[in-house]
Amino acid sequence: MSAIDWIVLLGTLLFIVLYGSWKTRQSKNIRGYLLGDNNMKWATIGLSVMATQASAITFISTPGQAYESGMGFIQNYFGLPIALIIISAVFIPIYYRLKVYTAYEYLESRFGIENRLLAAFLFLLQRGLAAGITIYAPAIILSTALGWNLSLTILMVGILVIFYTVSGGTKAVSLTQKWQMGVILLGMVLAFIMIVNSLPTGVSFGDAVSVAGVLDKLEAVSFSFDPSERYTFWSGITGGLFLALSYFGTDQSQVQRYLGGKSVYESRMGLMFNALLKIPMQFFILFTGVMTFVFFQFQGAPVLFNKTAIEKVYEGPRAGEMQEIEADYKLSLETKQEAIQDLLAAKKSENESALGAAADHLRNTHKASEEIRDKAKTLVKEAVPDNNSKDSDYIFLTFILNHLPMGLIGLLLAVIFSAAMSSTAGELNALAATTTVDFYKRLVKKDGSDRHYLRASKMMTAGWGMIAITFALFAHLVENLIEAVNILGSIFYGTILGIFLVAFFLKNVRGRPTFFAAICAQITVIFLYIFYSDVIAYLWYNVIGCGLVIVLSLIFSLIIPPKSNPEPVEEG
Amino acid sequence: MKSESPQEEKHQAPPFFKSWPGMYLFVLGFMGFLILMMLWFSSSNTI
């Protein structure tokens, strides 16, 4: 990296951190610290919700995902607008009416304390681990690609986030997220423009899109009912809907972003902002990945993008095999580039049959080069068994580091760090809120002063930050870590969502049946994960967990007698 | 579940729409439009 890139990277990050901390240094009470004095307008809420969800992995891995598998991943987000509408219509008015700090406070007013503590505990367990992964995942990829010390990278991200999140609470989180989203959007737009500008002379944007289309990178929507197909319209509308409903409606890291709104109107508009813009934003990120793919077809791509893994193979006994694979791949790329030129010539000639033949030829050459790439991946897996990263995670980084001008490299790295920090900040803020309000204030010290709880919240924020950093520092001991956050979420989210849906919609079901239903549902989902994870894709655990809570709570209502002291009933 | 009072809802309606259901329908309609655009985009570039 050049000096200019370092200046841009560090300058951007430090400016946002210092500005955010300075502007929000005066938290006077716990409502200000955790809910921003309920002063936030919809644009801030909308950007904050978006920034909390879009972690660094979104910007590192998603373009790489599109490079290898096309646009189909967009379907995972089809349930999101529907989920946000349900939350806007049903969840938000209830949270506001009860003036809760956390989503789980509502459960006590509806069911009693056991369900509140169970849901809060599951949230802390799941989100606490996820906060460590949010820091670790980009750090491992950046340190591998750039040669940075992994522990120092983790510490840098973690300490910067703790600094402003402890100092300014939710206001600092939201303010910095606005700036971070600005950096992210600017960086991604500039990267896209650079990709299009870097196409060879004579190759237009339309030509590039045609190449992507021929190689099946543009198929975004599939109505297939084939269960082996990973991303379809149906899985997005069902599994994706339940995941989004649980994440945005019951995960405190998101609920806290919109509970700080000035009114129900501001919170709703913040969510509708996301409902309208999330799919286009994801489409743009995926499409950037597709254009990166086309760019590398003309530019020439390495057989694998994880250079460190290839270097490790060359240090071992199977170096000769890798050398052969790289030579074969280079030849296959040259054949493919000729096939692309034939396609573009046929396109210009407007000869349908020539175009069809050229398209078939290109698909065949692409298939041949992909088979060589698969051989390389297999060789790496066998020769370097401790390499856990997916090669696709290095594709966009390779483009950034090798093909962007000075200054823009620093900006794109700032994008990745901004995304990591914005997500982590939202998570720490929420973990602290739940620990302080649902456990400390509710169970340990019930009659403290406002100042006392403000101090406690700051200490909890710092404490959870240390836990997240510690977990990230030791995370290399766990395999398949980047997938872990999705699996973790899906294991616990269904149960938590089920409790909330029973609370909102099944008014005759009381706390004890719901509590026991949730326990049974959670044990079942964990059992299914341990013994049937190859049969059931983890996206479906949300649906199963939620469905079980609802069905079992209805059944248990008939069996379990009500308590002799009636439980608190939701006001109104 | 008690809904907000009609007075509150009246003051908190989203811009351009007369009510929140109107806004929600717009969002769903926009989502449908995006899906159609994606289908058109991929089919018009498939050979």
Side-chain angles (χ1 to χ4, degrees), chain A residues 42 70-72 74-75 77-78 80-82 84-86 88-90 93-94 96-97 206 209-214 216-223 233 236 263-266 268-269 271-272 275-276 279-280 283 287 343 346-347 352 355-356 358-360 362-363 503-505 507 570-572, chain B:
Chain A
W42 66 266
M71 302 284 299
I74 189 79
Q75 291 166 114
Y77 295 93
F78 283 179
L80 186 145
I82 304 170
L84 292 182
I85 286 171
I86 295 170
S88 173
V90 176
I94 294 175
Y96 266 86
R97 188 161 54 246
V209 173
S210 296
V211 171
V214 164
D216 293 327
K217 298 297 181 189
L218 297 182
E219 195 180 319
V221 186
S222 165
F223 291 102
F233 174 84
S263 62
V264 167
Y265 168 85
E266 302 290 347
R268 280 174 164 172
M269 287 300 292
L271 289 192
M272 290 304 103
L276 289 169
I279 291 177
F283 184 92
F287 190 58
L343 176 82
K347 187 177 168 226
E352 289 281 340
L355 194 55
D360 285 337
L362 176 55
R363 277 190 276 266
F504 289 136
F505 297 112
K507 292 299 177 188
E570 180 194 349
E571 285 175 27
Chain B
M1 176 187 70
K2 198 164 89 173
S3 59
E4 292 177 314
S5 70
Q7 189 63 25
E8 253 185 282
E9 274 211 27
K10 187 183 170 199
H11 288 298
Q12 292 180 346
F16 308 117
F17 302 95
K18 294 195 169 134
S19 66
W20 282 105
M23 176 90 196
Y24 301 149
L25 277 171
F26 171 74
V27 169
L28 291 175
F30 182 69
M31 188 182 130
F33 168 73
L34 286 177
I35 291 174
L36 287 172
M37 288 300 294
M38 286 182 225
L39 285 165
W40 168 81
F41 184 58
S42 68
S43 69
S44 66
N45 285 289
T46 303
I47 301 167

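Atoms considered below: every heavy atom in the structure, side chains included; atoms not considered: hydrogens, waters and symmetry mates.
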**Pairwise side-chain contact, A/Met269 with B/Pro14, heavy-atom cut-off 4.5 Å (strictly under)** = yes
**Prompt:** Is it the side chain or the backbone of B/Phe30 that comes within 4.5 Å of chain A heavy atoms, both, or neither?
**Reply:** side chain
**Item:** Distance in Å, A/Ile85 CD1 paired with B/Leu25 CG, rounded so as to fall on 0.5 Å steps
**Value:** 8.0 Å
**Request:** Go through the atoms of A/Phe78 and report whether side chain, backbone, both or neither lie under 4.5 Å from a heavy atom of chain B.
**Result:** both
**Prompt:** How far does CG of A/Leu218 sit from CG of B/Asn45, to the nearest 0.5 angstrom?
**Reply:** 5.5 Å
**Item:** Atom group of A/Ile74 that falls short of 4.5 Å from chain B, counting heavy atoms
**Value:** side chain
**Request:** Hey, could you give me the CZ/CE distance between B/Phe26 and A/Met272, rounded to the nearest 0.5 Å?
**Result:** 11.5 Å
**Closest contact, heavy atoms only, B/Ser42 versus A/Glu219** = CB-CA, 3.9 Å
**Request:** Could you grab the distance from atom OH of B/Tyr24 to atom OG of A/Ser88, nearest 0.5 Å is fine?
**Result:** 2.5 Å
**Request:** Name the region of B/Leu34, side chain, backbone, both or neither, that has any atom closer than 4.5 Å to a heavy atom of chain A.
**Result:** side chain
**Complete:** Most heavy-atom pairs under 4.5 Å with chain B, out of A/Val209, A/Ile279, A/Ile82, A/Val214, belong to A/Val209
**Prompt:** Which bit of A/Phe223 comes within less than 4.5 Å of chain B, counting heavy atoms only: side chain, backbone, both or neither?
**Reply:** side chain
**Which atom of B/Val27 lies closest to which atom of A/Pro81, heavy atoms considered** = CG1-CB, 4.0 Å
**Message:** Does any backbone or side-chain atom of B/Met37 lie under 4.5 Å from a heavy atom of chain A? Answer side chain, backbone, both or neither.
**Reply:** neither
**Prompt:** Would you say B/Pro15 and A/Tyr265 make side-chain contact, with heavy atoms under 4.5 Å?
**Reply:** yes
**Prompt:** Is any side-chain heavy atom of A/Ser263 closer than 4.5 Å to a side-chain heavy atom of B/Gln12?
**Reply:** yes
**Those residues that, when tested against A/Asp360, pass side chain to side chain donor-acceptor pair (under 3.5 Å) (two or more places apart)** = A/Arg363
**Request:** Could you tell me the separation between the CZ atom of B/Phe41 and the CZ atom of A/Phe287, rounded to the nearest 0.5 Å?
**Result:** 4.0 Å
**Request:** Only counting residues at least two apart or in another chain, list the ones meeting side-chain contact (heavy atoms from CB on, under 4.5 Å) with B/Phe16.
**Result:** none
